[in-house]
Amino acid sequence: MDAASRHVVSEASPRLGREDFARRTVGGARRLLGCVLCHRVGGTTLRGRIVEVEAYTDDAASHAANGKRTPRNGVMFGPAGIAYVYFTYGMHHCFNVVTETVGRPGAVLIRGLDGITHAAGPALVCRALHLTRRDTGRDIVTDPDLWIEAGHRHRGERIVRTTRIGIRHAAELPLRFYLLGSPGVSKRDRRAEALLAD
DNA sequence: CACACGATGCGCT
DNA sequence: GCGCATCGTGTGG
């Protein structure tokens, strides 16, 4: 291919595939940082660059704590790449993508977006991209209107690793990741940021 | 069937 | 910093 078409190809962000989700949850969470969550609703595509995520497997804070399966959390035990959107606090929705393999629960919670659609906090993410509990079960890999595009972290952009937000159990586990300096991050951890090597 | 509460955000102080 | 809005979900009776 010539230089011009190579340029075009490089501008088209490839859609993430099954293999990007069918992996351990922590790796999958980090993988999603810098990628672009896309939801086409009506004639427009709502987009946001993922800048904050959390990993949930079968730890005490997870909906699938202790590997216990319920009607709500069932999709967490299914194939990777499926959307899991739950409703909480009587008014908020939170969007996750299922990870791991069938029978092993896992999901990445998207907590913050940058870009055209700016949202700091998981409920704001869902509000901004018009995602609700009804979107649970949609396949991020094949759905024509819901997908994630590969992104790039610009040179030198650092990942901060710290604890998850708003949980009571397993609060000490460092399973939240965010891109340093992004406005879409819901809560910064100055201490963790200070520990980053130069 | 009743009930307690949450992977939250916002407005007010 | 604090309290509230508001209801699906899970647990226990």
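Numbered from 1 within each chain, the chains take letters A, B, ... in sequence-line order. Just so you know, these numbers use all the heavy atoms, side chains as well, and skip hydrogens, waters and symmetry mates. None of the values given here were measured: they were computed from a predicted structure.
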Quiz item: What would the secondary structure line of DNA chain B be in dot-bracket form, counting Watson-Crick and G-U wobble pairs under 3.5 Å, with [ ] for pairs that cross earlier ones and | for pairs with another strand?
Solution: ||||||.|||||.

Quiz prompt | Closest non-hydrogen atom pair between A:Leu32 and A:Ile50, with its separation | solution = O-CB, 3.4 Å

Quiz item: Under a 4.0 Å N-O cut-off, is there an ion pair linking A:Asp58 with A:Arg69?
Solution: no

Exercise. Any chance you could list the contact pattern along nucleotides 1-13 of chain C? Use B for base contacts, S for sugar-phosphate-only contacts and - for none, protein heavy atoms under 4.0 Å, 5' to 3'.
Key: ----BBBSSSS--

Practice problem: Tell me yes or no: between the side chains of A:Glu172 and A:Thr163, is some donor less than 3.5 Å from an acceptor? | Solution: no

Quiz item: So what does A:Leu109 touch, heavy atoms closer than 4.0 Å: a base, only the sugar-phosphate, or nothing?
Solution: base

Quiz item: Do the side chains of A:Glu54 and A:Pro122 get nearer than 4.5 Å, heavy atoms only?
Solution: no

Practice problem: For A:Arg176, answer base if it contacts any base atom (sugar-phosphate contacts may also be present), sugar-phosphate if it contacts only those atoms, and nothing otherwise; contact means non-hydrogen atoms under 4.0 Å. | Solution: nothing

Quiz item: OP1, OP2 of B:dT8 versus side-chain N and O of A:Arg111: anything below 4.0 Å?
Solution: yes

Exercise. Pick the C1' atom in B:dC5 and in C:dG3, then give their distance to the nearest Å.
Key: 16 Å

Self-check item: Test salt bridge (Lys or Arg N to Asp or Glu O under 4.0 Å) applied to A:Arg158 and A:Glu193, step by step
Solution: CA-CA 9 Å; A:Arg158 309 296 305 273; A:Glu193 292 181 11; over 6 Å; no

Quiz item: A:Glu172 has an atom CD; how far is it from atom C1' of B:dA7, in whole Å?
Solution: 15 Å

Quiz prompt | Options B:dG6, B:dC10, B:dA7, nucleotide nearest the side-chain atoms of A:Arg127 | solution = B:dC10

Quiz prompt | Member of A:His154, A:Arg49, A:Glu52 meeting the side-chain contact (heavy atoms from CB on, under 4.5 Å) criterion with A:Leu179 | solution = A:Arg49

Practice problem: For A:Ile110 and B:dT8, give me the distance from atom CD1 to atom C1', rounded to whole Å. | Solution: 17 Å

Quiz item: Using the benzene-type ring in the case of Trp, are the ring centres of A:Phe87 and A:His92 under 6.0 Å apart?
Solution: no

Exercise. For A:Ile167 and B:dG6, give me the distance from atom CD1 to atom P, rounded to whole Å.
Key: 12 Å

Quiz prompt | Any A:Tyr178 side-chain heavy atom under 4.5 Å of A:Thr162 side chain | solution = yes

Self-check item: Nearest listed nucleotide, side chain of A:Tyr86, among B:dT8, B:dC10, B:dA7
Solution: B:dA7

Practice problem: Could you state the atom-to-atom distance from CZ of A:Arg168 to P of B:dC5 in whole Å? | Solution: 8 Å

Practice problem: Please work out if A:Ala123 contacts a base, only the sugar-phosphate, or nothing of the nucleic acid, heavy-atom cut-off 4.0 Å. | Solution: sugar-phosphate

Quiz prompt | Contact check, side chains of A:Thr25 and A:Glu100, non-hydrogen atoms, under 4.5 Å | solution = yes

